[in-house]
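Contents: one structure, followed by commentary.
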Amino acid sequence: MAVAIVAAILAFAAPAAGHAAGLRDAGPSGVEVPTWLFLTTGGGAVGASFLLASFVTDRAFIRSIHAWGTEVPAPGRLARWAVRTIGVGLLAVTIYVGFVGPTTGYRNFAILFVWVVWWGGYVASTYLIGNTWPTLNPFRTVAELLPTLDVNYPERLGSWPSVVGLLAIIWIEVVSPLADDPRALATAIAVYGAITVGGAVTFGTSVWFRNADPISRAFACFGRVAPIERTDSGISIRLPGTALSEGGLVESRADAAFVIALLYVTTFDGFVATWLWRDLATWLVGAGLPPLFVYFSVYLLGYGAFLTVFQWAIGRARSDADTFRSRAALLRRFAPSFLAIAAGYHIAHNLVVLIGLAPSVIAVGAAPLSPPQQPPVLASVPGWLTGVELAFVLVGHFLAVWVAHAIAYELFPARMDAIRSQYGITLVMVAYTVISLWIVTTPIVEPPFLAGESLS
């Protein structure tokens, strides 16, 4: 509830350029690519990957791929507390510099650290390497040092607070000045920290960060894509994405809704910086609708559309496989496969900005209170880097197809039922591929009406 209140306050405050336009304008411009070619070949490649996966029908072979791995000892307590100390220190520096440092956008280290290093780089590490957030999380560290009230968490809420929280965070990020105003960013971090620590102290750290905290849940989901995972007995090393085929990550409709939200929010963040959204928003505002109402309503409608399409795919899987398993059971098992898509699109969405602003991070980080007047940026990026972005999108979709294929062969005894169950899911994945590739290859424009400009 507190997150929703903060979202409402910031969402309808004076609008300013959002993250999609702010830092991306500071970084290098995108490389021109033949969009139509990537859309057709990308969608076709994902469809072809389904056909190729369909030829892999040996259940023992599929299980052997997903069971491959090894385990190494976990770091000792001293190392974990060193990481926790670093996390708290970085939080303190970010808030301090946000309040007392320069007020000019990406000259402030807090802006660069949050949106480039943390959001662009660290988040990527949770699905490329492993989820270290449970140890690094400064809010959890602080909460564990405080006495816990041990109030019973309302079971009826489940993980719905994390769904609302994730949608609220990205909504604030898109329409508020958090990417340009370090004071507002530091305030938002402090408010989020107070809510998070307060919730953890009230309900207990394990319960809060497992159910209600959207950032911890997002990293836990992304961690299933990574090849390294912390277990009760040590550090597990396995093939990337294979943990997605296991049960336990999605246990309710709320968990599935969170997975789809994780896929959707990055898509929306990129969509509002396209010419299509600029033209659509201009037309709707020209028809008399308030700008923020247009953003908010389309934001919710888009998420509803993503949920509807996903539920249709699950219903299609149940009918095509002619199975006795319930729709809810299939939803819980197949939802994690879409996390690979979310991971692939996230890195494609942020890679150019991360590399382009890396010189600024170094220069400003060396003197956060007196940074250069014009922090250096890469004026252009190599043409092949755009190909890397697109490759990550496609690899994420290929991995999603394979994981869904492995899950189907685990659920359905008949081989044709397992294959038929993937028709609708693969069709939805192809649609997501086309959308993702189109956004990545579309030139960036400034989202309209977020900088106070009028229609005239």
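Computed over heavy atoms, backbone and side chain alike; hydrogens, waters and symmetry mates excluded. Please read all numbers here as calculations on a predicted model, not as lab measurements.
Taking the six-membered ring for Trp and the full ring otherwise, F334 and F310 have centroids separated by 6.0 Å or more. Between Y264 and Y299, the distance from one ring center to the other falls under 6.0 angstrom. Between F139 and Y192, the distance from one ring center to the other falls under 6.0 angstrom.
Counting heavy atoms from C-beta on, the side chains of I347 and L128 come closer than 4.5 Å. Within the 4.5 Å cutoff, no side-chain heavy atoms of F109 are placed close to those of V117. Taking the side chain as every heavy atom from C-beta outward, T94 and L185 never approach each other to under 4.5 Å. Side-chain contact between T141 and W81 is present, with at least one heavy-atom pair separated by less than 4.5 Å. Counting heavy atoms from C-beta outward, W118 and L90 have side chains that stay 4.5 Å or more apart.
For the atom pair W208 CH2 and T196 OG1, the distance stands at 6.5 Å (nearest 0.5 Å). Expressed to the nearest 0.5 Å, how far CG of L136 lies from OG1 of T85 amounts to 10.5 Å.
Counting only distance, with no hydrogens or angles, the side chain of S360 and the backbone of P376 share a donor-acceptor pair below 3.5 Å. A side-chain donor-acceptor contact under 3.5 Å links S319 to the backbone of R316. Proximity of a side-chain donor or acceptor of R318 to a complementary backbone N or O of R325 within less than 3.5 Å is detected.
Contact between I407 and R333 at its shortest, heavy atoms only, is CD1-O, 3.1 Å. Minimum interatomic distance between S436 and V393 (heavy atoms only, all atoms of both residues): CB-CG1, 3.9 Å.
In this structure, L301 places its CG atom where more than 12 heavy-atom neighbours from other residues, nucleotides or ligands lie under 6.0 Å away. Taking a 6.0 Å sphere around OH of Y122, one finds it holds more than 12 heavy atoms contributed by other residues, nucleotides or ligands.
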